[in-house]
Amino acid sequence: MELSKTYDPKQAEQHHYERWEHQGYFAPEINRDPKAPVFSIVIPPPNVTGSLHMGHALQHTMMDVLTRYKRMCGYRTLWLPGMDHAGISTQLMVTRELKKERLTRHDLGREKFVERVWKWRAESGGQITTQMRREGASVDWSRERFTMDEDLSRAVREAFVHLYEKGLIYRGNRIVNWCPNDQTVLSDLEVQKDPQAGKLYYLQYPVKDSDLRLTVATTRPETMLGDTAVAVNPADERYGTLVGATLSLPLTNREIPVVADTFVDPEFGTGAVKVTPAHDPNDYEMGLRHNLAQIVVINQHARMTEAAGPEFAGLDRYAAREKVIEKFSELGLLEEVLDYEFSISKCERCKTVIEPLISTQWFCRMELLRDKALELLAREQKPQFVPAVPYEKIYYNWLESLRDWTISRQLWWGHQIPAWYTKDGEVIVARSFEQAREQAGTEDLTQDPDVLDTWFSSALWPFSTLGWPEETPDLKTFYPTSVLVTARDIIFLWVSRMVMMGLEFMGREPFADVFVTGTVLDSHGQRMSKTKGNGVDPLEVFDKYGVDATRLTLASVGSTDTRWNEKQVESYRNFANKIWNAARFCLLNSVGATVDPNILVTKDPDLALHDRWIISRLNKTARDVRQSLAGYDFHEAVQTLYHFFWDDFCDWYIELSKTAVTAEEATSQRITARSRLLTVLEQALRMLHPFMPYITEELWQRLPLAPEKLLHPAYEGASPAIMLAAYPESDETLIDEEAEWEMQAIIDLISRARNIRSEMNIKPSERVKLLVGAKDERLRAVFLSSSDQIARLVRTSELSIKEQLTAPRASARAVLVGGAEIAIPLEGLIDFELERKRLSRERDKLQAETAKLEAQLANPQFVERAPAEKVNELRERIVDLAQRSARLVKTLEALR
RNA sequence: GCCCGCUUGGCUCAGUGGUAGAGCACUCGCUUCACACGCGAGGGGUCAGUGGUUCGAAUCCACUAGCGGGCACCA
């Protein structure tokens, strides 16, 4: 069962997931402790049309790290997966399919079309669930939900009716954002503003019974056909006399008034604004204020209506624009045309220019819901955003200026609005057709054809997925959830709405914390996007470097935007290989040994220094990683683990253990040393597991261990897996600062000796004589007790440790922290000039440092005002530095 | 227009009042019996600029510049 020299991620990624899933490890039921604390996350449901991208991989990594970590800590843990029906995207997807068969959705009719969507979902929807398994995501598939499931749909109807009965949902005729391409209304959040180079047209409107003309400026001349007034600022002296006058609207036979409205900015354009209440949100408001008619001249297809006049009816809005300009020019009423940059509203999805239209839609009043969310934030600081800056403020500001939410959509795929109309046009809102029939007293009802905004059902996700409106055990156990992990672009669309709906329907916040991840940008700092084609496919990265290495890379992104850097993944791939080979070494020397956590909890004074040291390091690492994860500092946690494993464990502990572990004779010491090494490795694997589930499981299964003893007590009786092992705890009493100090002295000594070897160009194969002088008794004792280790790692032929250093003149020397000195005699080999230069450089560095510190100490204000502790620290450092540079000076003199 | 963030070695990023860090890249040396996806040693930064607060600023404050983000308006 020997391990290969190189870690093969594909091999390790093959079987473990299936086993984890089938053993039920991901379900909270695996936890048998009735008193176990609860940890729950609901996944931000990916679109059913979606395929895994880097953003998902990033979020999923963090959610999985938290979930696996909490599970190993003994929490009753649920990470609930699911998908979103994604109204428009999915409908478009299926519409495109139909197009290939030369069909439109209207050819099929609503019922058949919806059937077709379900069929599409069954056959090709939800690819992402397979991809998530590849990621290692430990979600409970037995609780997978889809927003269009019957029970979630029921929750949607329940919520709708409740809000309607409370007066928070209403049907109204208002100006809305209309996408002429998708043929549906959109909420303000689904509209994106793009800067665009355009023109500003100055049009002249003749004043009735006068030679005067009033000039208005507009970017949309075609809407003039629907003008019902011109507005000026009441304070604008230029137009004072014209207020109340009548204008003859060109190209029509209408007459329109000049009205005064403070909305008008006298500075802009001519200070006179054409007012088109039916086709501009501001004009709509102004129209209401002045009781102006709304003349609809553009229809849902962005074509001119009959009301635009026979010459224009049927023209596309842009063709109509050309024609209006042409006519104005002919009439001599076109004053000028200026280049003008402005931002234009576009459909976020298809980038079609939005047409503001007056339309009857369903809206949700937000004030009451919003106030509850604001109150929660003010009173309980919930949800707690991480990082708090800037998200808490962004969230707060947005809530404050919230407007009504347009919740109806003119689509077929989605939750059809539970409202029915009688023949007389009476509106019946009910939980079902049966209820509506009872209420109406007739069967002759027509259901509203519209569906709800997809985000309406998403807003209910944290409780609808747990069974609401039923009071299910899951709902009681897992709501509120622990944390929401998401990208920043859906804080308004989703996060805030979940908070509001959670408070309304559950009376409690849906989650305690919101962790907002950073964004993975491309290598040039651009956002990855499908249209730009600059996205990196996580699945390809998995193939090339392994899932675990990718996860480490993504976890390191944390909450800051980071450019994609393949080198980073490569370095974590190397790390995985390092882990593999460290385990390989441990296993190659494991005969007779076994993993035994008890071996690491004794504070036996007879333990070797490196053993005391690694136990201390291990406990510190567990402490630090736990602390980092508690604050969602994934980056820090990864760094801590990386350096513990590579630097402490591989570079030093394994090296220092070699003598004992690879001893020829099968003594009990050898077994103990081997067991200790294996046990440290096993603890490290556990700590790494939430980040690197595959390699840790693969190796853990190969270790000589009694698995049932290592499981967290909550999982007693379960078939063993590292993911059910207890996450290492930190025992403060095992943190041994003395051992760390002593070990640091050894590391320092070895490093300085190696430095001399390297600088003096001594071949690695050549053994040297190492002389050590340490006045400090404690230091000397430390060196003496580790002399075999020092000799081996420095590759000495002879090692002498004494109080005083006596070395031949022809030696290379160094002065260590603490004042110890080392020398390597180099009879015939030393280049005195080189050595003098080396030592002088060192001396200059020390002296410069000393001078800096002395200057600081010479400042009376520093001594007076700085904390005594800092002043003492500085004094001690100066003493050490002075001592060391004095030794160097002496050494240099001897070389003269 | 309003609000916010970022600027640290060649690159990608940590750190955040008291001795500048990592990975990669670079230089030198190594088939040292786990690993060349490796081992050992090393070079490289006045922490964007200016001013202020402080005994002390890369870290706090103000301003400037560059980059990025959010919101509002845009007739």
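Everything numeric here is computed off the predicted structure, so don't read it as measured data. Here is the naming used below: chain letters follow the sequence lines, and residue numbers restart at 1 for every chain.
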Looking at every strand, decide which applies to [X] at a 4.0 Å heavy-atom threshold: base, sugar-phosphate, or nothing.
| X | value |
| --- | --- |
| A/Pro867 | base |
| A/Leu200 | sugar-phosphate |
| A/Glu873 | nothing |
| A/Tyr396 | nothing |
| A/Val863 | nothing |
| A/Arg877 | base |
| A/Asp265 | base |
| A/Thr6 | base |

Counter-base of [N], judged by Watson-Crick or G-U geometry with both distances under 3.5 Å:
| N | result |
| --- | --- |
| B/A41 | B/U27 |
| B/U32 | none |
| B/C60 | B/G52 |
| B/A65 | B/U7 |
| B/G21 | B/C13 |
| B/G1 | B/C71 |

[X] side chain, from C-beta outward: closest of [options]:
| X | options | answer |
| --- | --- | --- |
| A/Phe492 | B/A34, B/U19, B/G70 | B/G70 |
| A/Lys5 | B/C35, B/A41, B/G18 | B/C35 |
| A/Ala866 | B/G42, B/U12, B/G18 | B/G18 |
| A/Lys578 | B/C13, B/C35, B/C71 | B/C35 |
| A/Cys650 | B/A34, B/C73, B/G40 | B/A34 |

Looking at [X] and [Y], would you say the former's side chain and the latter's main chain have a donor-acceptor pair under 3.5 Å?
| X | Y | result |
| --- | --- | --- |
| A/Ser758 | A/Arg754 | no |
| A/Arg792 | A/Glu655 | yes |
| A/Arg670 | A/Ala663 | yes |

Parallel under 30°, tilted from 30 to 60°, perpendicular over 60°: which one fits the rings of [X] and [Y]?
| X | Y | answer |
| --- | --- | --- |
| A/Tyr340 | A/Phe268 | perpendicular |
| A/Tyr395 | A/Phe385 | tilted |
| A/Phe649 | A/Phe644 | parallel |

Handout entry: Residues A/Lys544, A/Glu566; criterion salt bridge (Lys or Arg N to Asp or Glu O under 4.0 Å); working and verdict
Key = CA-CA 10 Å; A/Lys544 194 162 172 194; A/Glu566 197 168 301; 2.7 Å; yes
Provide, to the nearest angstrom, the distance between the [atom1] atom belonging to [X] and the [atom2] atom belonging to [N].
| X | N | atom1 | atom2 | answer |
| --- | --- | --- | --- | --- |
| A/Asn755 | B/G43 | CG | C1' | 13 Å |
| A/Asp651 | B/C39 | CG | P | 6 Å |
| A/Trp580 | B/G38 | CH2 | P | 16 Å |
| A/Leu853 | B/U19 | CG | P | 10 Å |
| A/Gln192 | B/G69 | CD | P | 12 Å |
| A/Lys852 | B/U19 | NZ | C1' | 7 Å |
| A/Phe342 | B/A72 | CZ | P | 18 Å |
| A/Glu566 | B/C37 | CD | C1' | 14 Å |

Are any of [X]'s side-chain N or O atoms less than 4.0 Å away from OP1 or OP2 of [N]?
| X | N | answer |
| --- | --- | --- |
| A/Asn859 | B/G56 | no |
| A/Lys658 | B/A34 | yes |
| A/Arg573 | B/C37 | no |
| A/Lys193 | B/C73 | yes |

Exercise for the section: Could you give me the CA-CA distance, side-chain angles and deciding distance for A/Glu842 and A/Arg752, then say whether salt bridge (Lys or Arg N to Asp or Glu O under 4.0 Å) is met? Expected result: CA-CA 12 Å; A/Glu842 175 85 13; A/Arg752 299 303 299 268; 3.5 Å; yes
Handout entry: Closest-nucleotide 5' rank along RNA chain B - winner of A/Phe575 and A/Gln861
Key = A/Phe575
Practice task
Map A/Arg527 and A/Pro390 onto RNA chain B by nearest heavy atom, then report which one ends up closer to the 5' terminus.
Solution key: A/Pro390
Can you tell me, in whole Å, how much space there is between the [atom1] of [N] and that of [M]?
| N | M | atom1 | value |
| --- | --- | --- | --- |
| B/C61 | B/C6 | P | 10 Å |
| B/G5 | B/A62 | P | 10 Å |
| B/G44 | B/C30 | C1' | 23 Å |
| B/A14 | B/G9 | C1' | 14 Å |
| B/U54 | B/U59 | C1' | 13 Å |
| B/U32 | B/G45 | C1' | 34 Å |
| B/G10 | B/C73 | P | 45 Å |
| B/A58 | B/G51 | P | 13 Å |

Handout entry: Donor-acceptor pair present, A/Arg584 side chain and B/C35 base, under 3.5 Å
Key =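 Absent.
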Handout entry: base_contact_polar (B/C4 base, A/Lys393 side chain, donor-acceptor, <3.5 Å)
Key =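 Result: no qualifying N/O pair found.
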Practice task
Please confirm whether A/Lys10 makes a cation-pi placement over A/Tyr694, using NZ or CZ under 6.0 Å from the six-membered ring centre and within 45° of the ring normal.
Solution key: no
Problem - Pair A/Lys346-A/Gln196, side-chain contact (heavy atoms from CB on, under 4.5 Å): steps then yes or no - result: CA-CA 11 Å; A/Lys346 291 184 178 172; A/Gln196 180 146 322; 3.7 Å; yes
Problem - A/Asp194 side, atom CG; A/Glu348 side, atom CD - distance, nearest 0.5 Å - result: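 Nearest 0.5 Å value for the CG-CD distance: 10.5 Å.
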Interface polar pairs with nucleotides 23-30 of chain B, N/O, under 3.5 angstrom:
| unit_1 | atom_1 | unit_2 | atom_2 | d |
| --- | --- | --- | --- | --- |
| B/G23 | O2' | A/Ser571 | OG | 3.0 |

